[in-house]
Engineer: 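After the C-alpha cells below, expect a handful of questions from me.
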Amino acid sequence: MKNFVELDLLLHSQLRLAVMSLLISVKEADFGYLQEATNSTNGNLSVQITKLKDAEYIEVKKTFENNYPKTTCKITKKGMKAFEKYVSDIKQYLTPKN
Amino acid sequence: MEEKNITEQESLAIIQQMIAKSKQQLIDRSKFFFLWGFAVLICAVAQYVMLKMNVLKSDEVWLAMPIIAIIHIYIAAKEQKRVKIISHNTIAIGSLWMGLGVAFFALAFLSHRSYVNTGTALDVLPLLILFYGIGTFVTGRILQFKPLIFGGLACFLLCILVTYIDGPEQLLILALSVVVSYIIPGIILKKEFNNQQNN
C-alpha cells in the first residue's frame with residue numbers, strides 16, 4: 001500500500017496552478033497576459049497572485065508605462081522548487097496503485 | 001478560470017494546457033532580419049559598384065552600420081515595452097545576437113588596428129559571414145525554424161567559398177550571404193507570423 005504525500009494546497013488550486021504553469025515556462029509575464037491566458041477576472045487573479053507572492057513563489061513588479069500601471073510576474077527559485085515537487089507528488093496519485 | 005479544488009487529473013491537464021499556451025506566444029522577429037539584411041546588402045553592393053568605378057574610400061559605406069545599430073536599439077526598446085511575456089528563447093536569442101553584435105564591431109576595430117600596425121587590413125569578410133552563419137543557425141535551432149538553419153548552413157559554406165575569391169567580387173558573396181541567411185528567412189518568418197496571427 002502506497003503512502004500518499006500531501007499535496008501543496010497553495011498550488012492545488014485551478015487558477016494558482018495555471019498561473020504557476022505559465023510562469024514556469026517563461027522568464028516573466030505581465031498581468032494582462034496571465035488574465036487572458038487563464039481567462040480569469042481581474043479581482044480573482046489579483047487575489048491569487050497576492051497569495052503566491054506572499055508564499056514567495058512569485059515576484060511581482062509594479063511599474064508605470066505611458067502613465068498606466070503595469071504588473072509583471074516572475075517565478076522565484078522557491079516557487080520553481082515547489083512546482084517541481086508538486087508535479088512529482090502528483091505523479092504518485094496518477095500512477096497505478098500497488 | 002476560478003479558485004476551486006481540482007482532481008489530480010485536472011491538475012495535470014492544467015499544467016499541460018498552460019505550458020502549451022505559453023509556447024504559442026508569437027513574436028515578429030522578422031524586422032531585425034530585414035533591417036540588417038537590407039543594410040548589409042545595400043552597403044555591400046554599393047561598395048562593389050564604387051570599387052568597380054574606382055571610387056576612393058569606398059569602405060566608408062560601412063560607417064552606416066553604427067546608425068543601423070542605433071535604429072535596432074530604438075526598435076528593440078519600443079518592442080520591449082509592448083511585449084506581454086519574455087520567454088527563455090527570447091533571452092537566449094537576444095543574448096546570442098548581442099554577443100555577435102559586439103563581435104562585429106570588435107572585428108571592425110581589429111581590422112583597423114591591423115591596417116595601422118601592418119599597413120594591411122585584416123580580411124574580415126570570411127569571419128563576418130561565419131558570424132552571420134552562427135547567429136542564424138543557432139537562432140534557427142532555438143526556434144526550430146528550418147529556413148534559418150539552412151541560411152546558417154549556407155553561410156558556413158559561403159565563408160569558405162569567399163576565401164577562394166579575390167577582389168571586389170568577395171562583396172557579392174557577402175551580399176549573397178545576407179540574402180540567404182537574413183532576408184529570405186525573414187520573409188518566411190514574416191509570412192508565418194502573419195498566417196498565425198490571422199488564424
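The chains referred to below are lettered A, B, ... by the order of the sequence lines, with proteins before strands, and numbering in each begins at 1.
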Engineer: Are any of the side-chain heavy atoms of Ile15(B) and Met20(A) separated by less than 4.5 Å?
Structural biologist: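 Heavy-atom side-chain distance check fails, nothing below 4.5 Å.
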Engineer: Under the ring pair (Phe, Tyr, Trp, His ring centres under 6.0 Å) rule, what pairs show up with a residue in residues 42-70 of chain B, not counting sequence neighbours?
Structural biologist: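 Found none.
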Engineer: Is Lys84(B) reaching over with its side chain to a backbone N or O of Tyr33(A), donor-acceptor style, under 3.5 angstrom?
Structural biologist: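 Flag not set: sc Lys84(B) to bb Tyr33(A) has no pair under 3.5 Å.
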Engineer: Tell me every residue that passes ring-ring contact (aromatic ring centres under 6.0 Å, His included) with Phe32(B), counting only those two or more places apart in sequence or in another chain.
Structural biologist: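 Partners of Phe32(B) under the ring-ring contact (aromatic ring centres under 6.0 Å, His included) test: His72(B).
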Engineer: Could you please state which residues from residues 76-86 of chain A sit under 4.5 angstrom from chain B, measuring non-hydrogen atom to non-hydrogen atom, sorted by number, or 'none'?
Structural biologist: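 The residues closer than 4.5 Å to chain B, in numerical order, are Phe83(A), Tyr86(A).
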Engineer: For the NZ atom of Lys21(B) and the OG atom of Ser25(A), what is their distance to the nearest 0.5 Å?
Structural biologist: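 Rounded to the nearest 0.5 Å, the NZ-OG separation comes out at 12.0 Å.
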Engineer: So, taking the atom named CD1 in Ile14(B) and the one named NE2 in His12(A), what distance separates them when rounded to the nearest 0.5 Å?
Structural biologist: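 These two atoms lie 9.0 Å from each other.
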Engineer: Is there a path of hydrophobic side-chain contacts, each under 4.5 Å between heavy atoms of I, L, V, M, F, W or Y residues, that connects Ile134(B) with Ile160(B)?
Structural biologist: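 No.
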Engineer: Can you say whether Val87(A) sits under 4.5 Å from chain B via the side chain, the backbone, both, or neither, judging by heavy atoms?
Structural biologist: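 Contact with chain B is through the side chain of Val87(A) alone.
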Engineer: Rounded to the nearest 0.5 Å, how far apart are OG1 of Thr7(B) and CD of Gln14(A)?
Structural biologist: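 Interatomic distance, Thr7(B) OG1 to Gln14(A) CD, rounded to 0.5 Å: 10.5 Å.
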Engineer: For the atom pair CE (Met18(B)) and CD1 (Ile24(A)), what is the distance rounded to the nearest 0.5 Å?
Structural biologist: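 Those atoms lie 14.5 Å apart.
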Engineer: Would you say Asn117(B) has more than 12 foreign heavy atoms packed within less than 6.0 Å of its CG?
Structural biologist: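 Enclosed: over 12 neighbouring heavy atoms sit under 6.0 Å from CG of Asn117(B).
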Engineer: Heavy-atom distances under 4.5 Å only: say whether Gln9(B) touches chain A with side chain, backbone, both or neither.
Structural biologist: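 Both backbone and side chain.
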Engineer: Find out if a path of hydrophobic residues (ILVMFWY) with successive side-chain heavy-atom gaps under 4.5 Å connects Val45(B) to Ile67(B).
Structural biologist: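 Yes: a chain of side-chain contacts under 4.5 Å links Val45(B) to Ile67(B).
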Engineer: Please indicate whether Lys53(A) has more than 12 foreign heavy atoms, meaning atoms of other residues, nucleotides or ligands, lying under 6.0 Å from its NZ.
Structural biologist: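 Open.
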Engineer: Could you state the interatomic distance from CD1 (Ile85(B)) to SG (Cys73(A)), rounded to the nearest 0.5 Å?
Structural biologist: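 If I round to the nearest 0.5 Å, the distance is 11.5 Å.
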Engineer: Is it the backbone or the side chain of Lys70(A) that comes under 4.5 Å from a heavy atom of chain B, or both, or neither?
Structural biologist: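 The answer is the side chain of Lys70(A).
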Engineer: Only heavy atoms, only distances under 4.5 angstrom. Which residues in residues 86-114 of chain B are near chain A?
Structural biologist: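 Those residues of residues 86-114 of chain B which have a heavy atom under 4.5 Å from chain A are Ile86(B), Ser87(B), His88(B), Ile91(B).
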Engineer: Taking all heavy atoms of Ile90(A) and all of Ser11(B), pick out the closest pair and write down the distance.
Structural biologist: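 Reported closest heavy-atom pair: CD1-CB, 3.0 Å.
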